[in-house]
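Presented below is the structure to which this report refers.
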Amino acid sequence: MPTSLADQLPVYPAGNVGDAPLEHALAEIQELKRQRNAVILAHNYQIPAIQDLADFVGDSLGLSLQAQRTEADEIVFCGVHFMAETAAILCPDKRVLIPDLDAGCSLADSITAEQLRAWKDEHPGAVAVVYVNCSADVKAEADYCCTSANALKLVQSIPSDKEILFAPDMFLGDYLRTNTNRKLHVWMGECHVHAGIRPRHVEEVWADYPEADLLIHPECGCVSQVMWHLSQGDFPADRTHVLSTAGMVAAAENSDANEFLVATETGIIHQMQQRQPNKTFVPIKADAECEFMKMITLDKLLNTMRGGIHEVTVEPDIARRALRSIERMVAVT
Ligand code: 13P
Ligand code: SF4
């Protein structure tokens with residue numbers, strides 16, 4: 001029988017967390033959370049130990065909604081910088097902390113506010129929709145913001161005579177264009193982790209698990225081809241689901257299937273396995289790891305809880321302008 005937490009959870013880091021043994025560090029984080037009246041929000045790609053410590057684990061939309069609803073004084077955001085920035089804009093009366101300010105996002109870095117302004121100038125009258133994976137100053141230039149959980153619904157809600165500019169993810173953009181039939185111009189940005197999940201990876205793994213359901217994040221480099229295979233009847237439509245990370249976790253819970261092939265960052269498998277210990281989850285690409293998400297470690301979280309560092313702030317004028325597109329995002333659930 002396991003005797004300690006570390007034995008029960010072999011995926012936790014071995015050894016000390018900073019100057020404290022693992023179990024002391026976990027207890028100290030919980031105690032400091034209580035003392036600081038803080039809430040810990042974690043994205044589905046965080047390391048298992050942080051997912052297990054968090055008050056809420058979810059996708060970008062769910063985390064924004066939780067930030068908006070919390071009564072805590074401090075939000076400790078275990079995710080990447082744009083997510084913490086979005087929480088800071090939504091909750092100006094709270095302190096938003098991130099354990100590592102350098103936890104960025106390759107997709108968010110693929111467009112600047114200046115580039116979006118220039119693109120809008122080329123398409124006067126078009127509506128600018130940005131995916132939440134972008135900086136606050138890009139959101140400030142946009143009309144609407146969306147996440148993977150509500151992108152389809154949000155694009156469909158825009159008057160049909162409007163041309164749409166969608167940035168920065170090209171795979172999600174192409175997915176939206178295919179599924180809405182809208183005149184939609186797509187920025188050629190990508191997430192390096194998801195772009196690397198190719199159609200051949202899906203074909204290879206599905207051949208080994210022919211009865212499994214396929215769960216795909218719309219940022220994946222395989223999504224357009226999977227949609228094409230679906231339209232040709234080559235892939236089973238009832239067992240193929242394009243979803244946000246929280247949508248994938250919920251689909252695994254609600255489906256009768258026992259095996260799931262997971263096309264996204266592998267950190268999500270811990271969340272799925274915790275909720276459904278008797279089901280099998282297989283990553284489509286086992287090395288699909290986001291090094292930015294993994295910059296949030298227990299050591300850094302402990303430092304954040306002890307020292308109240310590092311606060312994420314947004315320049316007031318940018319925050320005011322970005323809030324409009326973010327409020328439109330959280331209104332579509
Ligand atoms: P979700 O909002 O679906 O969790 O996606 C966020 C993200 O960064 C995906 O790479
Ligand atoms: Fe950004 Fe990709 Fe990491 Fe998501 S997985 S945070 S999109 S770099």
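Whatever order the structure lists ligands and atoms in, that order sets their numbers, starting from 1.
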### Shortest protein heavy-atom distance from atom 3 (O) of ligand 1, along with the residue and atom involved
Ser148 OG, 2.6 Å
### Query
Is it the case that Asp137 and Ser135 place a side-chain donor and acceptor less than 3.5 Å from each other?
yes
### Query
At a 4.0 Å threshold, what atoms of ligand 1 neighbour a non-hydrogen atom of Ser244?
3 (O)
### Task
Consider every N or O of Glu219 and every N or O of ligand 1, then say whether any pair is closer than 3.5 Å.
yes
### Task
Within a distance under 4.0 Å of any heavy atom of Asn133, pick out the atoms of ligand 2 and give their elements.
7 (S)
### Query
Is the closest heavy-atom distance from Glu265 to ligand 1 below 4.0 Å?
no
### Message
Check this for me, if you would: do Lys279 and Glu253 make a salt bridge, where the nitrogen-to-carboxylate-oxygen distance has to be below 4.0 angstrom?
### Response
no
### Task
Please report which non-hydrogen protein atom sits nearest to atom 1 (Fe) of ligand 2, along with the residue it belongs to and the distance in Å to one decimal place.
Cys105 SG, 2.4 Å
### Query
Which atoms from ligand 1 have a heavy atom of His217 less than 4.0 Å away?
1 (P), 3 (O), 5 (O), 9 (C)
### Query
Under 4.0 angstrom from ligand 1, any heavy atom of Met293?
no
### Task
Quick one: sort the Trp119 and Trp187 rings into parallel, tilted or perpendicular, breaks at 30° and 60°.
perpendicular
### Message
Can you name the atoms of ligand 2, numbered from 1 with element, that are less than 4.0 Å from a heavy atom of Ser106?
### Response
8 (S)
### Task
Check for a donor-acceptor pair, side chain of Asn179 on one end and backbone N or O of Tyr175 on the other, with a separation under 3.5 Å.
yes
### Pair His194, Thr264: side-chain N/O donor-acceptor within cut-off below 3.5 Å
yes
### Task
Flag the pair Lys294 and Glu265 as a salt bridge only when some basic side-chain nitrogen lies within less than 4.0 angstrom of an acidic carboxylate oxygen.
yes
### Message
Working note: Glu141 + Arg321, criterion salt bridge (charged side-chain N to carboxylate O under 4.0 Å, His left out); need CA distance, chi angles, decisive distance, verdict.
### Response
CA-CA 7 Å; Glu141 291 297 327; Arg321 292 191 293 125; 3.5 Å; yes
### Task
Decide, yes or no, whether a salt bridge links Asp143 with Arg328 under the criterion of side-chain N to carboxylate O below 4.0 Å.
no
#### Entry: For atom 3 (Fe) of ligand 2, the protein heavy atom that lies nearest, with its residue and separation
Cys290 SG, 2.4 Å
### Message
I'd like to know if Glu31 and Arg34 make a salt bridge, using a cut-off of under 4.0 Å between side-chain N and carboxylate O.
### Response
yes
### Message
I'd like to know whether ligand 1 has Asn133 as a neighbour, heavy-atom separation below 4.0 Å.
### Response
yes
#### Entry: Structural part of Thr147 in contact with ligand 1, heavy atom criterion under 4.0 angstrom
neither
### Task
Decide whether an N or O pair under 3.5 Å exists between Ser60 and ligand 1.
yes
### Message
Tell me whether Glu265 reaches ligand 2 (any heavy atom closer than 4.0 angstrom to a ligand atom).
### Response
no
### Task
Answer yes or no as to whether an N/O/S atom of Cys191 is found below 2.8 Å from atom 2 (Fe) of ligand 2.
yes
### Task
Identify whether the distance between the nearest side-chain nitrogen and carboxylate oxygen of Asp287 and Lys285 falls below 4.0 Å.
yes
